[in-house]
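Below is one structure, written out as structure tokens; the observations come after it.
Letters go in sequence order (proteins before strands), and every chain restarts at 1. Values reported hereafter were calculated over all heavy atoms of this structure, with side chains retained and with hydrogens, waters and symmetry mates removed.
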Number of protein chains: 2
Amino acid sequence: MHDGDEGAGPAGRRKDARRNKANLLEAAAAVFVVQGVDAPVREIAARAGVGVGTIYRHFPTRADLIVAVYRHQVDACAEAGPRLLAESPSPHTALERWIDLFVDFLVTKHGLAAVLQPGAGFDALHAYFLDRLVPVCGHLLDAAAGEIRADIEPYALMRGVGNLCIGADNDPRYDARRLAALLVAGLRRAG
Amino acid sequence: MHDGDEGAGPAGRRKDARRNKANLLEAAAAVFVVQGVDAPVREIAARAGVGVGTIYRHFPTRADLIVAVYRHQVDACAEAGPRLLAESPSPHTALERWIDLFVDFLVTKHGLAAVLQPGAGFDALHAYFLDRLVPVCGHLLDAAAGEIRADIEPYALMRGVGNLCIGADNDPRYDARRLAALLVAGLRRAG
DNA sequence: GACCATACGGAACATCGTTCCGTTTTGCCA
DNA sequence: TGGCAAAACGGAACGATGTTCCGTATGGTC
């Protein structure tokens with residue numbers, strides 16, 4: 001589903017098209033760091049030295065652009081799940097650590113958590129995160145079933161944690177990591 | 001701080017101004033229910049039968065309009081805190097119930113939770129909610145100090161719960177009430 | 001009834017996402 | 001090498017929205 005349909009290989013596309021796409025990704029990443037993922041399209045286009053039409057040709061929706069920029073990091077997070085499960089002293093600890101990883105990722109990407117929700121006009125983004133991360137979360141929850149209340153859906157947990165990360169940057173009084181940890185703690189079966 | 005500076009009384013203002021302001025509030029409330037608090041300014045103006053200039057004259061920022069529409073309900077929520085504390089079997093239960101009340105309020109106001117955060121361009125809205133609700137939350141937390149981990153700030157808790165409510169409407173798979181309850185459960189001192 | 005401060009309405013401006021099409025570039029083939 | 005067709009480009013143009021501004025209408029008062 002998410003494989004070679006637009007791989008980096010020198011497929012049949014023209015050279016300038018590949019170069020522009022790469023420039024666009026680099027420019028978008030740079031602009032996102034400073035202005036957040038809501039940065040004006042014209043800004044990204046200017047930074048990449050292309051016209052706005054070129055952005056839309058390569059990335060029909062903004063979600064496509066954001067996914068392309070962060071795909072590697074999302075994948076890395078997904079792949080960390082099984083590894084943490086193997087390395088951690090208990091499944092619940094693995095879940096805690098994995099959520100921490102996810103939160104760290106989100107809070108360092110200005111504005112990303114906010115556009116992660118459904119109905120925000122970034123459906124492809126929402127779908128990609130869900131496709132990659134919900135199964136991992138479900139796996140961790142299953143493994144930890146004995147230690148936690150069983151009645152939480154992976155989807156709901158991911159959305160909850162994602163929501164907690166909204167606006168977590170530039171507010172020293174709000175620590176999303178801590179709240180996410182509290183939420184996971186609340187999952188624990190009452191002793 | 002929040003008293004008679006713009007009370008409903010027939011102050012020195014002109015009659016048509018008062019009437020328009022009332023129409024505007026009614027129209028905004030009606031439009032918010034259907035379109036959410038992000039509804040276009042022109043829509044609200046048309047519904048109230050006034051020009052857009054009239055909106056900006058009465059409510060310089062959208063936050064002012066939203067605050068005016070929901071002020072009564074926010075106040076009611078604030079006032080419910082002490083009452084719940086008196087009525088509930090334990091302070092922690094009072095906190096649970098009060099959070100429930102707050103969540104119920106937020107999830108039924110389409111898009112309100114999303115604009116509640118700082119830096120969203122609705123600072124007056126954010127400030128009003130904080131002024132009214134953080135002290136109440138702090139009071140409940142203090143009362144429940146023996147039952148919970150002491151190291152959570154009222155501000156952080158309110159923001160966390162508010163965040164959990166974002167996008168909770170129109171998604172049957174996401175139950176903000178439940179996640180907020182989980183978060184409060186996570187506050188409980190480990191038995 | 002006249003006058004003026006108050007308030008009004010909506011045109012005008014700025015910003016942003018998105019589309020569209022005339023022009024340029026690239027790769028290929030003779 | 002020179003020419004050509006498809007691919008890609010750039011940015012003007014469009015639509016939606018928030019916000020400002022000012023000529024006009026209204027309300028209260030003398």
* Are any side-chain N or O atoms of Tyr70(A) and backbone N or O atoms of Leu112(A), one a donor and one an acceptor, separated by less than 3.5 Å? -> no
* Structure fact -> Counting primed atoms, P, OP1 and OP2 as sugar-phosphate and everything else as base, the B/S/- map of nucleotides 22-30 of chain C against protein heavy atoms under 4.0 Å is ---BSS---
* Sequence-aligned protein contact record of nucleotides 10-24 of chain D, with B where the base is within under 4.0 Å of a protein heavy atom and S where only the sugar-phosphate is -> BBBB---SBBB----
* Flag if over 12 foreign heavy atoms under 6.0 Å of CD, Glu26(A) -> no
* With no hydrogens and no angle check, do the side chains of Tyr128(A) and Asp123(A) hold a donor and an acceptor under 3.5 Å apart? -> no
* Could Arg177(A) and Asp100(A) be called an ion pair, given the rule that one side-chain N must be under 4.0 Å from one carboxylate O? -> no
* To do: In plain terms, say whether Asp16(A) and Arg14(A) are close enough for a salt bridge, that is, a side-chain N and a carboxylate O under 4.0 Å apart.
  => yes
* From Leu187(B) CG over to Leu141(B) CG, what is the distance, rounded to the nearest 0.5 angstrom? -> 7.0 Å
* Leu179(A) vs Ile152(B), side chain to side chain contact (heavy atoms under 4.5 Å, CB included): CA-CA, chis, key distance, verdict -> CA-CA 9 Å; Leu179(A) 283 166; Ile152(B) 184 78; 4.1 Å; yes
* Asked: Hey, is the side chain of His58(A) poking within less than 4.0 Å of OP1 or OP2 on dC9(D), counting only N and O atoms?
  -> yes
Rounding to an integer number of Å, can you tell me how far [X] [atom1] sits from [N] [atom2]?
X	N	atom1	atom2	value
Phe59(A)	dT19(C)	CZ	C1'	18 Å
Leu24(A)	dA8(D)	CG	P	14 Å
Phe122(A)	dG17(C)	CZ	C1'	10 Å

* Axial cation check for Phe122(B) ring with Arg62(B), 6.0 Å and 45° limits -> no
